[in-house]
Amino acid sequence: MSKEAYKLTSPDGSEIELPVRSGTLGPDVLEIGRLYRDQRVFTYDPGFMATGSCESTITFIDGDEGILLYRGYPVEQLAKYSSFLEVAYLLLHGELPTPSELEKFDTTVRTHTMLNEGMLRFFTGFRYDAHPMAMLSAVVGSMSAYYHDTMDIDNAEQRDIFAHRILAKLPTIAAAAHKLNAGQPFIYPRNDLGYTENLLQMLFAVPAEPYEINSVAAEALDLLFILHADHEQNCSTSTVRMAGSSGTNPYSAIAAGISALWGPAHGGANEAVLRMLREIGDAKNIPKFVAKAKDRDDPFRLMGFGHRVYKNFDPRATIIREMCHKVLKQMGRKDAPLFDLALALEEVALKDDYFIEKNLYPNVDFYSGIIYRALGIPTSMFTVMFAIGRTVGWVAHWREMITESNRRISRPRQLYRGPVQRDYVAIEKRK
Ligand code: CMC
């Protein structure tokens with residue numbers, strides 16, 4: 001049954017009807033697509049505070065209740081019972097795989113991990129201290145120069161090949177970026193290893209000695225990748241959808257998403273949290289930093305706090321907090337003081353009226369960096385790790401967008417506040 005339309009009255013007294021559409025979960029939406037055609041007005045919503053940009057069947061978030069569902073499954077259940085590759089299959093295909101589907105998917109991803117040697121040589125062109133996110137976006141963008149024969153966006157088989165390739169090769173690219181920064185030789189992927197085990201060995205193995213994979217480290221990474229796998233229409237995912245809506249090739253769209261993720265208000269926050277904790281240094285300095293965060297004249301914010309959608313708690317943060325305890329207990333005692341400092345900061349902020357009134361809670365990135373650090377992953381690689389997990393979400397959204405029956409290029413409008421039309425002034429007449 002269709003819901004009753006919203007009725008607005010225009011300044012000339014005529015009535016405007018805005019049809020209402022309901023999803024399976026979440027608030028209704030008003031359809032405003034005909035507003036300009038019928039009324040010659042646009043809507044204005046900087047930052048998309050109340051604007052849905054698409055229909056989607058992938059992920060649902062209820063920010064008030066702290067609910068996150070991938071294809072209907074609560075993230076807590078997936079974190080407890082599933083694996084990253086199974087979640088990746090779920091996001092891409094809409095259903096949990098059967099055992100044989102999972103085995104086939106796992107084998108396909110495992111056997112696409114190598115990079116073309118030409119692509120590997122790119123890394124010798126980067127400066128030794130290039131930020132790994134810069135290398136990641138550049139090398140992923142350049143994949144379109146290698147796979148142009150399988151980039152037909154309207155071909156379902158080629159879309160699948162792209163999905164498997166990017167998922168399989170991202171850890172290899174990430175590890176190559178790290179090895180350049182570390183001044184160590186590149187370590188080739190090993191297809192006998194699982195997704196996170198392989199990533200660990202590519203990051204940390206050296207030719208001079210055997211490398212033993214720590215199962216807790218692999219488990220922690222798998223969990224972090226599950227928690228980062230998708231988050232509906234966030235900044236980087238919307239960027240991928242928007243770039244992809246022009247019909248560009250998928251590698252370029254993902255490279256755009258990686259660039260959007262890098263910012264400190266988004267995926268770059270995990271790196272920023274660690275820098276902030278180091279700056280705070282000691283629990284006795286917490287009140288000073290909390291006061292800075294509350295000062296309207298000071299741009300400082302408590303990194304890892306607040307979220308556009310979660311206004312009660314971030315369910316991913318709750319899960320990661322527990323994993324922090326496990327990882328630090330098993331392998332990162334030297335990082336325990338940092339975690340203790342984070343817990344102390346959390347305690348102070350959660351009791352503070354400013355943070356309570358503005359619904360600011362620790363988000364996923366408040367704790368993820370502590371785990372990465374305990375695993376020996378350098379700070380500059382934190383956002384790269386986020387990107388590895390989020391890639392499957394970007395791909396799922398790109399595929400959803402590209403197969404929409406009414407696909408059209410994303411093209412927002414604006415409220416123009418520039419000069420009105422004026423005539424060109426010859427240079428000799430300008431003062
Ligand atoms: N510390 C201090 N004040 C804050 C913070 C913070 N971390 N976050 C928001 N506020 C204040 C902000 O100053 C504003 O106050 P007022 O209403 O007086 O102007 C109010 O809370 C609302 O903030 P906003 O910037 O309008 O909210 P938003 O929804 O646009 O931004 C956010 C959300 C995540 C960008 C923001 O909370 C933030 O910058 N947090 C720190 C960065 C961070 O941790 N980002 C990771 C997000 S989770 C991972 C991901 O999705 O990528």
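Counting starts at 1 for both ligands and their atoms, following the listed order.
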Visitor: Scan residues 225-244 for pairs that pass salt bridge (Lys or Arg N to Asp or Glu O under 4.0 Å), counting only residues two or more places apart or in two chains.
Guide: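 Qualifying pairs, neighbours excluded: Arg241-Glu400, Arg241-Glu404.
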Visitor: Using a strict cut-off of under 4.0 Å between a residue heavy atom and any atom of ligand 1, list the qualifying protein residues by chain and number.
Guide: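 Only Pro264, Ala265, His266, Gly267, Ala269, Ala293, Arg296, Arg301, Leu302, Met303, Gly304, Phe305, Gly306, His307, Arg308, Tyr354, Lys358, Leu360, Asn363, Val364, Asp365, Phe386 have heavy atoms that fall under 4.0 Å of ligand 1, ordered by chain and number.
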Visitor: Compute the centroid of each ring, for Tyr147 and then for Phe162, and state whether the two points are separated by less than 6.0 Å.
Guide: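 No: the rings miss the under 6.0 Å criterion.
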Visitor: Compute the ring centroids of Phe366 and His307, then answer whether they are less than 6.0 Å apart.
Guide: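 No, the ring centres sit 6.0 Å or more apart.
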Visitor: Phe305 and Phe355: aromatic ring centres closer than 6.0 Å?
Guide: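 Yes, the ring centres sit under 6.0 Å apart.
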Visitor: Within the distance-only criterion (no hydrogens, no angle test), does the side chain of Asp282 pair as donor or acceptor with the backbone N or O of Asn285 below 3.5 angstrom?
Guide: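 Judged by distance alone, no pair lies under 3.5 Å.
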Visitor: Is a salt bridge present between Arg275 and Glu271, judged by a nitrogen-to-oxygen distance below 4.0 Å?
Guide: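 Yes, this pair counts.
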